[in-house]
Structure formats: C-alpha cells, structure tokens
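Side-chain atoms are counted along with the backbone in the values below, which use heavy atoms only and exclude waters and symmetry mates. So you know, we letter chains A, B, ... as the sequences are listed, proteins then strands, and number each from 1.
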Protein chains: 2
Amino acid sequence: MEQIGYGKSSADLDAIFAALADPTRRAMLTRLAEGEASVGELAAPFQISQPAISKHLKVLEKAGLVERAIDEQRRPARLNAEPMAEAVEWINYFKRFWGDSFDQLDELLVTLKAQKEEGKDE
Amino acid sequence: MEQIGYGKSSADLDAIFAALADPTRRAMLTRLAEGEASVGELAAPFQISQPAISKHLKVLEKAGLVERAIDEQRRPARLNAEPMAEAVEWINYFKRFWGDSFDQLDELLVTLKAQKEEGKDE
DNA sequence: CTGTTCCATAACTATATGGTTATAGAAAAT
DNA sequence: ATTTTCTATAACCATATAGTTATGGAACAG
C-alpha cells in the first residue's frame with residue numbers, strides 16, 4: 001500500500017528513525033554521500049563482517065535510504081536521502097521549542113519553497 | 001563525561017534517533033508539545049499499560065528529550081526538544097541530496113544563525 | 001488510621017537486533 | 001574448466017526492546 005500525498009506513514013518513520021539510530025549505518029550513509037559504493041567498499045572501513053554490512057544495507061533499503069544497482073558481480077548501493085526529509089519534517093514541528101528567532105527565518109524558507117513548488121504540477 | 005562544544009556524541013545520536021523510532025514515543029512527544037503531562041495523562045490515549053509508559057518515558061529521558069519534575073504524587077514530564085536539533089543537524093548534511101535550490105536558502109540560515117551565536121558566550 | 005491515587009520497579013515473556021561463521025551462487029579472471 | 005571475487009543467505013548466539021502482571025511506596029483524601 002503506497003501512501004499518496006499525505007506524507008509517509010508512521011511505520012515509515014519508524015523504519016527511517018530506526019535506520020538512523022545505528023552508528024555503523026550512519027557512517028555508511030555518510031560514505032554513500034560521496035557516491036555509490038559496493039558492499040566490499042562499504043565494509044572496508046569497519047571491523048565487522050561482510051554479512052553484517054549486508055544486513056545493515058537491508059535495513060537502509062527498507063527505510064528507503066539506499067537503492068541497489070547491479071554492476072556485474074557487484075551490487076552497488078547509492079544514497080536516497082529523500083526519506084530523511086520526512087524525518088526532518090516530523091521533527092520540524094518541534095522546532096519552536098528550541099528555535100530562538102530562528103523560527104521566523106524558517107517560516108520564510110517554507111514560504112519561499114512553497115511558492116517555488118507552485119510552478120510544478122503536483 | 002559531558003561533551004563540550006563538539007556537538008553530541010554518536011552515542012547521543014543513537015539514543016535520540018532510537019527514541020524517535022517508536023510511534024508511541026513520538027505520540028508522547030507530540031502530546032508534551034502541548035505542555036507538561038503526568039504519567040497518567042500520557043498513558044490515557046494509549047491502550048498499553050502504565051508501566052509501559054513509564055518505560056517509554058525512561059527512554060525519552062535518556063535521550064534527553066524529556067525532563068521530569070516532582071509535583072506531589074505526580075512526576076510530570078516536560079518536553080526538551082533541543083536534542084532533536086542535534087538530530088536535524090546530522091541529517092542536514094544530506095539536505096543537498098534532496099534539496100533543490102533550497103540549499104542556498106538553508107546556507108543563508110546557517111550563516112545567520114552562526115552570526116547570531118557569536119553574541120553568546122559559549 | 002484507612003483507603004486511594006500516582007507512579008516506579010521487579011520479574012517475566014516474546015520478538016527484534018546486531019553480530020558471528022559457514023556456505024553457496026553468479027560473474028569474472030586465469 | 002578452474003579458481004577467485006563479490007555478495008547473499010542460513011543458522012546460530014547474545015543482548016535489547018516492548019510489552020505484560022504483580023507489587024509496593026509515597027503522598028493526598030477521608
């Protein structure tokens with residue numbers, strides 16, 4: 001069941017936040033920000049086994065944070081950061097509780113973004 | 001061991017993201033955004049037991065997202081959203097991967113915030 | 001004093017998570 | 001044809017997590 005237009009489901013947020021809750025996975029995402037990487041390349045910086053990395057990749061995939069490709073024997077992973085936007089969106093509701101006057105600037109941002117989006121058909 | 005000036009440790013991010021990964025806890029935080037609430041008040045909307053709520057509160061406390069007070073028999077919880085800022089900060093590194101030209105505005109924000117913080121002693 | 005309300009803690013259960021080693025398949029290299 | 005490289009999966013283990021019920025303490029209400 002795909003959500004349509006109402007943002008990610010609570011279950012999606014569960015998966016996204018849970019995926020981000022592990023330091024190895026966060027490091028993997030940081031690595032992927034530099035570009036595609038094979039499983040081996042992702043495993044290299046860590047002392048844990050290759051199967052452990054494959055498991056982490058599966059967690060990241062289920063959260064939608066990573067997509068896989070096929071390149072001969074390799075199954076390179078590439079970053080898909082969009083689900084992070086959903087996480088930030090959820091958190092942003094609370095921004096007023098730590099935001100000083102930062103709030104106002106943020107509202108400006110949202111407004112500008114909204115105006116920009118009016119151009120698209122969505 | 002308190003971190004000083006270098007942002008939260010990875011362990012802190014673990015705790016923060018993990019705390020946010022549970023829908024009951026997210027709902028509790030949303031409730032607390034409306035103001036302090038006793039354990040009973042927090043438990044009311046859910047079908048789970050009071051001890052389960054107490055456990056969730058402990059998870060939120062360890063993540064620093066909630067602080068407790070003492071009010072006669074009650075142990076009201078109040079929101080402390082600041083750790084969420086650390087989470088967003090971490091995620092923001094990835095913003096360029098989903099942000100359109102939103103980036104530039106965001107950089108402006110960061111700059112302005114930084115300038116503002118120069119005024120404080122920190 | 002007695003009872004009630006509010007909450008924490010202990011003890012337990014079931015499931016999830018993060019790791020391991022062993023193994024096997026597919027594609028490339030020789 | 002054989003070997004090597006890359007990765008996934010299975011089976012297993014230890015610990016963590018999310019829930020339960022039972023219980024008890026502390027503070028108010030009578």
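Atoms CD1 and NZ, on I48(B) and K55(B) in that order, are 10.5 Å from each other to the nearest 0.5 Å.
Atom CG of L60(B) and atom P of dA8(C) are 13 Å apart (whole Å). dA8(C) atom P lies 7 Å from atom CG of L57(B), rounded to whole Å.
At least one donor-acceptor pair under 3.5 Å links the side chain of R26(B) to the backbone N or O of L20(B). Between the side chain of R25(B) and the backbone N or O of A18(B) there is at least one donor-acceptor pair closer than 3.5 Å.
Bounding nucleotides for the chain B contact on DNA chain D, 5' to 3', at a heavy-atom distance below 4.0 Å, are dA18(D) to dC28(D).
What you find for A33(A) and Y93(B) is that their closest heavy atoms are CB-CE2, 3.8 Å. Among all heavy-atom pairs drawn from A63(A) and I16(A), the shortest one is O-CG1, 3.8 Å. In terms of heavy-atom proximity, A21(B) sits nearest to D14(A) at O-OD1, 3.3 Å.
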*asked:* I'd like to compare against my own output: the B/S/- annotation of nucleotides 18-30 of chain C with a strict under-4.0 Å heavy-atom distance to protein.
replied: BBBBB----BS--
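One hydrophobic cluster, built from ILVMFWY side chains closer than 4.5 Å, cannot hold both L32(B) and V59(B); they sit in different ones.
The shortest distance between side-chain heavy atoms of E86(A) and D12(A) does not fall below 4.5 Å.
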